[in-house]
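First up is the structure itself, then whatever we jot down about it.
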Amino acid sequence: MANIVTITLNPALDKSITVPELVPEKKLRALSAKVEPGGGGINISRALKKLGVASEAIILSGGYTGKTLEALLSKEQVAFTAIETEGDTRENFVVFDEDKKLQYRFGMPGERVSDQELGLLMQAIGNFAHADYVVVSGSLPPGTSIAVFHQIAIIAQQLNAKLIVDTSGDGLKAAVKEGLYLIKPNLRELASLVGKEWIDMADVIVTARQVIAAGACKAMAVSMGADGAMLITATEHYKAAAPQAPVLSTVGAGDSMVAGMLAALTKGWGWEQVLQYGVAAGSAATLHKGTELCSLSDTERIFAEIKKN
Ligand SMILES: Nc1ncnc2c1ncn2[C@@H]1O[C@H](COP(=O)(O)OP(=O)(O)OP(=O)(O)O)[C@@H](O)[C@H]1O
Ligand SMILES: [Mg+2]
């Protein structure tokens, strides 16, 4: 079994509630409430666990919110290494309007992380001598320099591990300078990476090949929400359609997709199946309300459907 290390620089405690209807001024009583650990890398580790694949989540964690997050991770039996920060772990808030079946997502900014805390995080990554995959996902804490991607890339290289990054904006632009193994931008993120407003689906392969030819990554999975995803390498390209099922929440779809691709990679599968299993896991995450990630049974069922098409 391959060793996977996920890194979450800006974790969050995700709180989600369901209300009968979202209306102003009125006191809204929640029909249900849930608190979960969140943040890109953490969600990938949690989704991997659901898919039966072990990983180690390296996280920054502070304050009582950080302690709660750690307790929740332990309860889910997700292995983690927490670097304590002086600032509190942020909280995110999702409200589901039961009447309109609409979801509202509120994100809080998070606190600054010191250079010393980041240094300890780098050390923790370096300790995983057997890592085969280092996965960085999610946003950066406010004020954290995009130079962290260079630092992480150096450590991944020393560990002889493949580096996978799922982030956006300037972070993604900085990360691809390091020559990554795999990136998973959505269409908007790919457009921004090449300095465009938007990219049509018809131009994805050509654009991805340009990015790959420039040495940014070995493979690129471009996710397209309800339209599924494409996977492009220098010599191969595949497309996988997402199943048409009622979508309850797209929260965690991207993270579940990355987890699905990782699960397939650790099995030694080729890129086509890696894409198909990733799309299956991403779509599996949309079948449930709120922040729920992919389940193994949904992922396997959708994977079987995708393979037939
Ligand atoms: N509406 C949808 N219907 C079916 N599948 C979906 C839908 N939205 C997302 N997915 C599945 O999840 C995958 C990733 O979704 P998406 O392209 O929205 O990623 P993302 O923009 O990175 O999402 P995130 O907001 O989680 O970062 C898709 O390739 C698809 O398999
Ligand atoms: Mg995403």
Side-chain angles (χ1 to χ4, degrees), residues 6 8-12 14 16 36 38-47 50-51 92 94 101-107 135-140 164-169 171-172 175 182-193 198-199 201 204 208 219-232 237-264 271-295 298-307 309:
T6 68
T8 315
L9 294 154
N10 200 16
D14 284 337
S16 49
E36 284 171 300
I42 286 176
N43 275 335
I44 293 173
S45 277
R46 294 174 66 223
K50 283 171 159 263
L51 297 175
N92 287 334
V94 178
K101 304 277 181 255
L102 287 177
Q103 181 181 267
Y104 299 83
R105 297 165 74 169
F106 304 88
V135 189
V136 191
S137 176
S139 57
L140 295 181
I164 299 176
V165 175
D166 183 13
T167 190
S168 54
L172 182 58
L182 171 69
I183 58 174
K184 190 222 69 67
N186 57 31
L187 276 177
R188 196 173 7 90
E189 289 160 349
L190 176 59
S192 147
L193 182 62
W198 183 248
I199 290 181
M201 268 161 70
V204 166
M220 183 191 301
V222 182
S223 68
M224 305 177 300
D227 290 316
M230 287 192 217
L231 193 138
I232 302 108
H237 65 89
Y238 304 101
K239 184 171 189 296
Q244 294 192 327
V247 170
L248 286 183
S249 159
T250 57
V251 179
D255 297 328
S256 292
M257 180 178 174
V258 175
M261 288 195 290
L262 269 163
W271 286 118
E272 184 172 20
Q273 286 194 315
V274 166
L275 171 70
Q276 291 171 338
Y277 205 75
V279 167
S283 295
T286 67
L287 302 178
H288 302 276
K289 209 160 72 166
T291 46
E292 204 162 318
L293 300 166
C294 56
S295 75
D298 286 335
T299 303
E300 293 284 342
R301 181 176 48 78
I302 300 170
F303 178 55
E305 270 172 45
I306 293 175
K307 272 200 297 188
N309 296 332

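Whatever order the structure lists them in is the order used to number ligands and atoms, beginning at 1.
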Is there at least one pair of N or O atoms, one from [X] and one from ligand 1, spaced under 3.5 Å apart?
{"X": "G225", "value": "yes"}
{"X": "K184", "value": "yes"}
{"X": "S283", "value": "yes"}

The option among S223, G40, P185, A253 carrying the non-hydrogen atom nearest to atom 16 (P) of ligand 1 is S223
At a non-hydrogen distance cut-off of under 4.0 Å, which region of [X] contacts ligand 1 (side chain, backbone, both, or neither)?
{"X": "A242", "result": "side chain"}
{"X": "E189", "result": "neither"}
{"X": "V279", "result": "both"}

Starting from atom 29 (O) of ligand 1, find the nearest protein heavy-atom neighbour and note its residue, name and distance. G228 O, 3.0 Å
among protein heavy atoms, the one nearest atom 21 (O) of ligand 1 is N186 ND2, 2.8 Å
Can you name the one residue among V165, L182, L262, D166 that meets side-chain contact (heavy atoms from CB on, under 4.5 Å) with V135? L262
Give the minimum heavy-atom separation between T6 and S45, together with the two atoms involved. OG1-OG, 2.8 Å
Minimum heavy-atom separation for A259 and I44, please, with both atom names. CB-O, 3.8 Å
Considering the heavy atoms of [X], write down every atom of ligand 1 situated less than 4.0 Å from one of them.
{"X": "V247", "result": "1 (N), 2 (C), 3 (N)"}
{"X": "M257", "result": "13 (C), 14 (C), 29 (O)"}
{"X": "G254", "result": "19 (O), 22 (O), 23 (O), 24 (P), 26 (O)"}

Side chains of L187 and W198 in contact at under 4.5 Å (non-hydrogen atoms): yes
Validation row: I199, V204 side chains within 4.5 angstrom (heavy atoms): yes
Could you pull out every donor-acceptor pair under 3.5 Å between side chains of residues 274-286 and any protein atom, sequence neighbours left out?
unit_1	atom_1	unit_2	atom_2	d
Y277	OH	E300	OE2	2.9
S283	OG	V279	O	3.2
T286	OG1	S283	O	2.6

Just by distance, do the side chain of T8 and the backbone of N10 share a donor-acceptor pair under 3.5 Å? no
Considering residues at least two apart in sequence or located in another chain, which fulfil the side chain to side chain contact (heavy atoms under 4.5 Å, CB included) criterion with N186? R188, E189, S223
